[in-house]
Engineer: 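There's a structure below that I have some questions on.
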Protein chains: 2
Amino acid sequence: MSPKPMVRPGGRSARVQESVHAAVRELVGEVGRDALTVPMVATRAGVTPSTIYRRWGDLQELLSDVAVERLRPETDPADLGSLRADLDAWAEQFLDEMASPPGRAYIRDALLGDPDGTNAGRCSAYAAEQIDAVLARAVHRGEPVPESELLIDRVVAPIMYRILFRPGRLDAAYARELVTNAVYALQIEASARPTRAAAP
Amino acid sequence: MSPKPMVRPGGRSARVQESVHAAVRELVGEVGRDALTVPMVATRAGVTPSTIYRRWGDLQELLSDVAVERLRPETDPADLGSLRADLDAWAEQFLDEMASPPGRAYIRDALLGDPDGTNAGRCSAYAAEQIDAVLARAVHRGEPVPESELLIDRVVAPIMYRILFRPGRLDAAYARELVTNAVYALQIEASARPTRAAAP
DNA sequence: GCCTAGAAGCAACAAATTCGCGTTAAGGTG
DNA sequence: CACCTTAACGCGAATTTGTTGCTTCTAGGC
């Protein structure tokens, strides 16, 4: 389906892939994402359109590819000494990047040209890896930690849902609030199950 | 941008809109969503292609339109006598509909051809309305209720996030779990703080 | 240094999209 | 109720985009 599975790792194929990706990035900056066309990208990349059609199928899958590439976090989450601080910082940065206009565009593109959900899965995996890294450090420090699934449901999901479905704005305070609630749930769980629980 | 904002409410425009929507629904069933083309829809609807291009811009925006129409809930949430029961039932049905293959397809389409987020906003509004209806009934019964924002963050968002980004399955137990946790948070809040009760 | 096969180029073709312009018919007005 | 105004539709030509069969190239294996 996605005609891109195994690009020959080296050689001409790799050069073409890189050249096409670069062309997309340049042209998005120059003429805007909406004015892009496959022939335009092909010309800039110095390849024939049929090459792009054969390898990516259509413009959307190509853009999806490029978008996922850009959504890949390039740095590990900062280590600020405590779970809470790490999560706050990570969530704020995550929200910032994802809710920014280019971030939103990348998310949309990634979902768009993705018939089988591969690219979407990759995006959620990136977030999960970052969270796992933070949790692993906390475990190493001896702190109690929540399930990473809980953090995905309570922090990542609401942010993404609002970005995709709701018009309103998102600020760092919201990210911290989500983290607070998630961690608060942890404290409850840790202290006692029944109705009454200690306040922080 | 979306050339559909003010359709002349009655008369020819309305007939064309209905005819085109119907053509899309029929053809999706007959040839499949991926084989659809604008000229094909136009022929079936008895309209010229340029009409569709002028009014919807492209196939994606048209599909987005049709998808939102289909995502509109057609019935009020059931009244089972308690907040908890109503929420459980609603969440299960919501998950069922959204996570089903056609549901996933509609969600994707709705997001896809939606440059300004109007249609996405409509989707989230549908869910919010349903939840508000459930909450309003609970308030009327004198039950303590959570903010509807909390339910959106804790129940709707995780479901939608998983549908869009994660490969795994979703079952009714997951929906109930989300509701449980959201309502559990309410109990904590209610016991730790004084207020927030009925005021219809 | 050959083979082999996947990938890219080329070119002709088919299909989709855009556009100018004349026509139709909602909805408002006197 | 006849008349106007104008958004929306139809038509067809012009342009652009997407597809396909075949050839040529080259990476990777022997």
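First the proteins, then the strands, lettered A, B, ... as listed; each starts at 1. If you're wondering where the values come from, they're calculated on a predicted model, not measured in any experiment.
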Engineer: Does B/R12 place a side-chain N or O at less than 4.0 Å from the phosphate oxygens OP1/OP2 of D/dG10?
Structural biologist: no
Engineer: Does the side chain of A/S64 pick up a donor-acceptor pair with the side chain of A/D109 at under 3.5 Å?
Structural biologist: no
Engineer: When clusters are formed by joining ILVMFWY residues with side-chain heavy atoms under 4.5 Å apart, either directly or through shared neighbours, do A/L59 and B/L112 land in the same one?
Structural biologist: no
Engineer: Once you round it to whole Å, what is the distance between P of D/dG18 and CE of A/M40?
Structural biologist: 11 Å
Engineer: In whole angstrom, give the distance that lies between atom OH of B/Y53 and atom C1' of D/dG10.
Structural biologist: 15 Å
Engineer: Under a plain distance cut-off of 3.5 Å, with no hydrogens placed, do B/R84 and B/T180 share a side-chain donor-acceptor pair?
Structural biologist: yes
Engineer: Rounded off to whole Å, could you give me the CD-to-P distance for the B/E18 and D/dC9 pair?
Structural biologist: 14 Å
Engineer: Quick check for you: among D/dG12, D/dA8, D/dT17, whose closest atom lies nearest to any side-chain atom of B/S13?
Structural biologist: D/dA8
Engineer: Can you check whether any acceptor in the base of D/dC9 is under 3.5 Å from a donor in the side chain of B/S50, or vice versa?
Structural biologist: no
Engineer: Give the intermediate values and the outcome of side-chain hydrogen bond (donor to acceptor under 3.5 Å, both in side chains) for residues B/Y174 and B/R169.
Structural biologist: CA-CA 10 Å; B/Y174 178 64; B/R169 270 195 303 302; over 6 Å; no
Engineer: I need the CD1-C1' distance between A/I52 and C/dA8, as an integer number of Å.
Structural biologist: 12 Å
Engineer: Of the nucleotides D/dA8, C/dA26, D/dG10, which has the atom closest to the B/T48 side chain?
Structural biologist: D/dG10
Engineer: Whole Å only: how far is the CZ atom of B/R54 from the P atom of C/dC19?
Structural biologist: 9 Å
Engineer: Hey, does the side-chain of B/R55 have a donor or acceptor N/O within less than 3.5 Å of a partner on the base of D/dG10?
Structural biologist: no
